[in-house]
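Have a look at the structure below before the remarks.
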Amino acid sequence: MATTPSGTSPSAPADERTATTLPSVYVPADVEGPLYRRWVERGYFTPDQGDGDNDGAGGGTATGEPFSIVIPPPNVTGSLHIGHALDHTIQDTIVRRRRMQGYDTLWLPGMDHAGIATQNVVERELRKDGRTRHDVGREAFVQQVWEWKEASGGQILGQMRRLGDSVDWSRERFTMDEGLSRAVQTIFKRLFDDELIYRAERIINWCPRCHTALSDIEVEHQDDDGELVELIYGEPDGPSRIVVATTRVETMLGDTGIAVHPDDPRYAHLIGTEVELPLVGRRIPVVADTHVDPEFGTGAVKVTPAHDPNDFEIGQRHGLASINVMTPEGTITGTGTAFDGLDRFAAREAVLAALREQGRTGAEKRPYSHAVGHCSRCDTVVEPRLSLQWFVATRTLAEAAGDAVRDGRVRIHPTEMEGRWFAWVDNMHDWCISRQLWWGHRIPVWYGPDGEVVCLGPDDTLPGAGPDGTPPAGWTQDSDVLDTWFSSGLWPFSTLGWPDSTADLERYYPTSVLVTGYDILFFWVARMMMFGLYAMDGVPPFDVVVLHGLVRDRHGKKMSKSRGNVVDPLEWMDRFGADALRFTLARGANPGADQAISEEWAAGSRNFCTKLWNATRFGLLNGASVNGPLPPVDRQSVVDRWILSRLATVTAQADAGYEDFQFAKTTDLLYHFVWDEVCDGYLELSKLPLATGGEPAAVTRRVLGEVFDVVLRLLHPVIPFVTDALWTELTGQESLVVAAWPEAEPKYAGRPVDAPAEDEVGALQRLVTEVRRFRADQGLKPGQRVAGRITGLDATGLAAHEDEVRALARLSAPPAGFTASATLTSGTVTVELDLSGAIDLGAERRRLDKDLAAAIRERTQAQAKLGNPQFLAKAPADVVDKIRDRLAVAESEVQRLRAALESLPVG
RNA sequence: GGGCCUGUAGCUCAGUGGGUAGAGCGCCGCGUUUACACCGCGGGUGUCGUCGGUUCGAGCCCGGCCAGGCCCACCA
């Protein structure tokens, strides 16, 4: 860490060693800020461009193979929320491991201009002064948004530094910067020329509050309570009477027809006739269309081509007129009735009342729950509305996006998510890309005085334009801007310099991994796939898509301001440290699944960091060394061999877990290895040889160093701060950020498992637990030393471990004339204790009874299986053998426990 | 309307070549054992939603049902 010199001299003899200056409690705030600044200053996050040498001197082993990730660009209006924290933790973990593995690693940061969201922010500021954007004017307004962006936008970037994101700040991009704007215009032109972008009058989703068209996925369907009412068209009492049902009464003002099913006998006589539209007085035709379901409602449908997608198509088929009866604000207009000027919902009431007055409402009027579209930005009820808009023809693009996954060129992780992918890309409608906003990429299409339509590329000018770009007289540019997702769909290649052929594009495209929440699979990932395949000659923009879930509150409920259960990652970083937040999120990150988090988890993660801190501190205080080769096996104790064997296994498992994006599983593995095996196991056992001194202590110090060295490396991708602070202290080297990944070094890869050592230490630990349990039952305090005699260790193969058993079980040597007052038998080992005072025979009996019951249960189960001829005949031999062994063990346990119970004095 | 997912210890969740049910937190008892009380030692904790099927054997495979959740959707 910054404030402490690397004071430990690992090779110094125990009695001369310098105590570490690490304090006894890890204080993240003292470490994180300075450390992050140092990482950036040293240029660790800037890739090597293939020169094979990391910028830092810290032992990087870059092979120069590129590895790249582009960040999902957060909204420029945004600040770091818990979902970002998860998303970034996963990406940083992936990236940091690759960097340690020696890849030429690029994690590219940036922000999205977030059309509607950002425009709303600045409009809200204007509203404080009672102004609208129209008062300001387009150019000045856009200028004002830019100023806002420079002044207040992008606070999330600072928050990313807090989190420890190892992004290359020198390559930061913005979806509206000059280069990306060029990319947008280039691909628009290309799609336009390929007739994959077109302008058409269609029914689109219109938000009357945002005053803009929306794409289908920007509409959220909710089940709202409405009313299905029947309206009587034609003559209320005459032969032309026809009853239609609707939930949107006000749209009847724009009706231009009535549709019935061609085979419906009820209406056969009316097909081809015209009936009167009430209130308006227009004569509208009755048409036959198979789309109508005779079973639903009255079997007759009012047709409003300008306000309903189905009706629009019916209208197209039958040549019906489209009459738009609403303003962009959603008020009735142009109907020539008294309803003009009414808001759509007021009109709904008013029209119904007027019809009722005329006796034109049918019998049936019932509450009706049905899906109603809402604007995903402002929740306003979306109005389907006929409108002239720009569209991307998605059929061929979506097909290619589907195929890329289908044929395995792009993997989706976890694979269960592929179903969603195909369901969507295989059924995609054309994408409405024009927005009636001012903040965004303006559509590069110009209209001439004589109906000319010209699409300009970034380097094109209109024929006859002035030298400064002033358009010729009579020409105007399309006033709309593009959907925000249009530019973010180019992100994996526009950020690398496309459409120019840059070195970055050549080297880092396609990107390696794309990490994001499953909630924006369609919004973003699908668009990147379509555009990437299209623009980059069929090369998909990434090799694998890693989808994570949503972060929820402690009870698995969605976080929301109204519920008051929102977790602020910044607050948690203040309280628990950035590493603790990251560790918590990684530990909950099961592939594709949502996770519930709570303060208790964060506190647990903080505790783990502290545990790691203190364990390493123990190592440093005891002269843990990373210098020189490991002592040869014949100089290692069995305890050393055990922990090194476990270390090798855990290293391989952790490496494989990271490789497969199993962050929850991998962090859990490391957590338990560090806490249970290293701290509770090896550290406690190491205290003996360290106290002994000499050769045993020297070997132990080297092994301790080895264990911490590797463990810190393995954890560094997830908890970079505390591990780097400890590792530099331990090794005296510059930084863990550019240290080698264990499994990438031959020294660590594929080290063999030392099964005998693992078995021996396992037996030792079981025996110690047994004695401790006995002691606890007898009411002895855990730390209290008790005289004891141990016999029978030889037969268990633990002959050499009496000292360890004594140390861990707090048994002192039996004095002369020792008499035991309590006896514990475990397997062949007998431990006799001198308990001053009477032993608790009741507790002892209860313990033995419980164990006996368990042993008998065990024996009964095994006997039942082995007594089943079917089992013996059909089960595999190894399973049968295992059950036989189990029976033998259970049998001897039963005998042993019975003997022990019988030998208990009658209390 | 279509599709998908989940239901395992008090809570949140792991647990796919079917072969003795796990973790964290919480809980109970004991405790200054010179790395750590953000700790140590010991301990209990479950008709694996429900009914049935396949199998020598099912938390895991198959089917029905019940209960939650999600996504998609142009039936007025």
Side-chain angles (χ1 to χ4, degrees), chain A residues 20 22 24-26 203 216-217 221 228 244-248 251 259 291-293 295-298 300-304 308-313 368 370-371 384 416-417 419-420 423-424 427 429 518-519 521-522 552 554-556 558 576 580 587-588 590 592-601 603-622 664-665 668 671-672 679-680 683-684 687 769 772-777 779-785 807-810 857-858 861-862 865 868-876 878-880 882-883 886 890:
Chain A
T20 175
L22 292 179
S24 71
V25 172
Y26 172 55
I203 298 281
D216 291 343
I217 51 174
H221 291 89
L228 186 66
V244 298
T246 183
T247 54
R248 291 161 69 212
T251 62
H291 173 266
V292 177
D293 176 6
E295 302 296 316
F296 189 90
T298 61
V301 183
K302 60 188 277 300
V303 182
T304 323
D308 185 279
N310 289 313
D311 294 6
F312 180 76
E313 291 193 3
Y368 184 63
H370 62 135
E416 295 86 74
M417 290 286 179
R420 281 193 196 203
W424 201 71
N427 298 292
H429 296 293
Y518 62 73
D519 55 326
L521 183 64
F522 305 142
R552 294 168 174 273
R554 66 174 61 217
H555 296 297
K558 203 167 179 176
F576 304 112
R587 217 176 163 194
N590 288 300
D594 291 351
Q595 62 172 297
I597 58 163
S598 63
E599 278 184 37
E600 286 75 15
W601 279 93
S605 300
R606 186 263 328 265
N607 295 353
F608 177 67
C609 292
T610 304
K611 188 73 178 175
L612 191 62
W613 179 269
N614 277 300
T616 308
R617 193 163 151 266
F618 170 87
L620 293 168
L621 287 167
N622 287 284
K665 200 174 287 182
D668 189 63
Y671 175 96
H672 285 288
C679 293
D680 295 344
L683 255 50
E684 291 306 322
K687 288 173 182 174
T769 298
R772 284 170 169 173
R773 191 176 155 213
F774 181 76
R775 290 176 47 115
D777 284 346
L780 294 176
K781 292 171 183 174
Q784 185 183 340
R785 287 194 175 273
L808 295 178
R810 302 266 133 192
R857 207 178 315 126
E858 182 73 33
Q861 281 174 359
K865 287 205 170 190
N868 180 350
Q870 298 281 8
F871 174 74
L872 294 177
K874 297 190 176 175
D878 60 318
V879 172
V880 176
K882 212 156 45 171
I883 302 294
R886 206 182 291 162

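What you are looking at is a predicted structure, and each value in this text was computed from that prediction instead of being measured. Just so it is clear: chains get the letters A, B, ... in the order the sequence lines come, proteins before strands, and each one is counted from 1.
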Here the distance between atom P of B:U20 and atom CD of A:Gln861, to the nearest Å, is 10 Å

The answer to which of A:Val25 and A:Gln870 contacts RNA chain B further toward the 5' end, by nearest nucleotide, is A:Val25

State, without any angle test, whether A:Asn607 and A:Tyr26 hold a side-chain donor-acceptor pair at a distance under 3.5 Å.
no

Under 4.0 Å, counting only non-hydrogen atoms across every strand here, what does A:Arg772 touch: a base, just sugar-phosphate, or nothing? sugar-phosphate

With heavy atoms under 4.0 Å as the rule, sort A:Thr769 into base, sugar-phosphate or nothing.
sugar-phosphate

Against the side chain of A:Ala245, the closest entry in B:A73, B:A76, B:C56 is B:A76

Hey, does A:Arg886 reach any base, or is it just sugar-phosphate, or nothing, if we go heavy atoms under 4.0 Å?
base

Does A:Lys687 reach a base, just sugar-phosphate, or nothing at all? Heavy atoms under 4.0 Å. base

Heavy-atom contacts, protein to nucleotides 1-15 of chain B, under 4.0 Å, summarised as B (base), S (sugar-phosphate only) or - (none) per nt, yield ----------SBSS-

Quick check on B:C39: is either OP1 or OP2 less than 4.0 Å from any side-chain nitrogen or oxygen of A:Asn614? no

**Prompt:** Touch check for A:Glu313, heavy atoms < 4.0 angstrom, all strands: base, sugar-phosphate only, or nothing?
**Reply:** nothing

Which of B:C30, B:A76, B:G42 is nearest the side chain of A:Arg773? It is B:G42

| message | What contact category does A:Val303 fall into here, base, sugar-phosphate, or nothing, at under 4.0 angstrom with non-hydrogen atoms? | response | nothing

Which is true for A:Pro384 with a 4.0 Å heavy-atom rule: it touches a base, it touches only sugar-phosphate, or it touches nothing? nothing

| Base, sugar-phosphate, or nothing: which does A:Ala873 touch, judged by heavy atoms less than 4.0 Å apart? | nothing

(request) May I ask you to decide if the ring planes of A:Trp424 and A:Phe522 are parallel, tilted or perpendicular, using 30° and 60° as cut-offs? (result) parallel

Test for a donor-acceptor pair under 3.5 Å between the base of B:C30 and the side chain of A:Lys781, counting only N and O atoms. no

* Asked: Base, sugar-phosphate alone, or nothing: which one does A:Asp293 contact when heavy atoms must sit under 4.0 Å apart?
  -> base

Evaluate the salt bridge (Lys or Arg N to Asp or Glu O under 4.0 Å) criterion for residues A:Lys302 and A:Asp311: first the C-alpha distance (whole Å), next the side-chain angles of each, then the deciding distance (0.1 Å), finally the verdict.
-> CA-CA 8 Å; A:Lys302 60 188 277 300; A:Asp311 294 6; 5.3 Å; no

Classify A:Asp680 by what it touches in the nucleic acid, base, sugar-phosphate, or nothing, heavy-atom distance under 4.0 Å.
sugar-phosphate

Practice problem: Name the nucleic acid region contacted by A:Pro309, choosing base, sugar-phosphate or nothing; use a 4.0 angstrom heavy-atom cut-off, strictly under. | Solution: sugar-phosphate

Original post:
Taking OP1 and OP2 of B:U54, is either one under 4.0 Å from a side-chain nitrogen or oxygen of A:Lys874?
Top reply: no

- Query: Can you check side chain to side chain contact (heavy atoms under 4.5 Å, CB included) on A:Lys687 and A:Phe618, steps first, answer last?
  - Reply: CA-CA 10 Å; A:Lys687 288 173 182 174; A:Phe618 170 87; 3.7 Å; yes

Output yes when A:Glu600 and A:Arg554 qualify as a salt bridge under the 4.0 Å nitrogen-oxygen rule, no when they do not. yes

If only atom types and distance count, is the side chain of A:Asp308 paired as donor or acceptor with the main-chain N or O of A:Thr304 below 3.5 Å?
no

The residue, A:Arg587 or A:Ala807, whose nearest nucleotide of RNA chain B is more 5′ is A:Arg587

- Tell me what A:Leu872 touches on the nucleic acid: a base, only sugar-phosphate, or nothing, going by heavy atoms under 4.0 Å. nothing

For this session: Quick one: label A:Cys679 by what it contacts on the DNA or RNA (base, sugar-phosphate, nothing), any heavy atom closer than 4.0 Å.
Result: base

Heavy-atom side-chain proximity of A:Ile883 to A:Gln861 below 4.5 angstrom:
no

Rounded to whole Å, the CG-P distance (A:Asp777 to B:C28) equals 19 Å

Notebook entry, point to check: NA contact type, A:Ala603, heavy-atom cut-off 4.0 Å: base, sugar-phosphate, or nothing?
Noted result: nothing

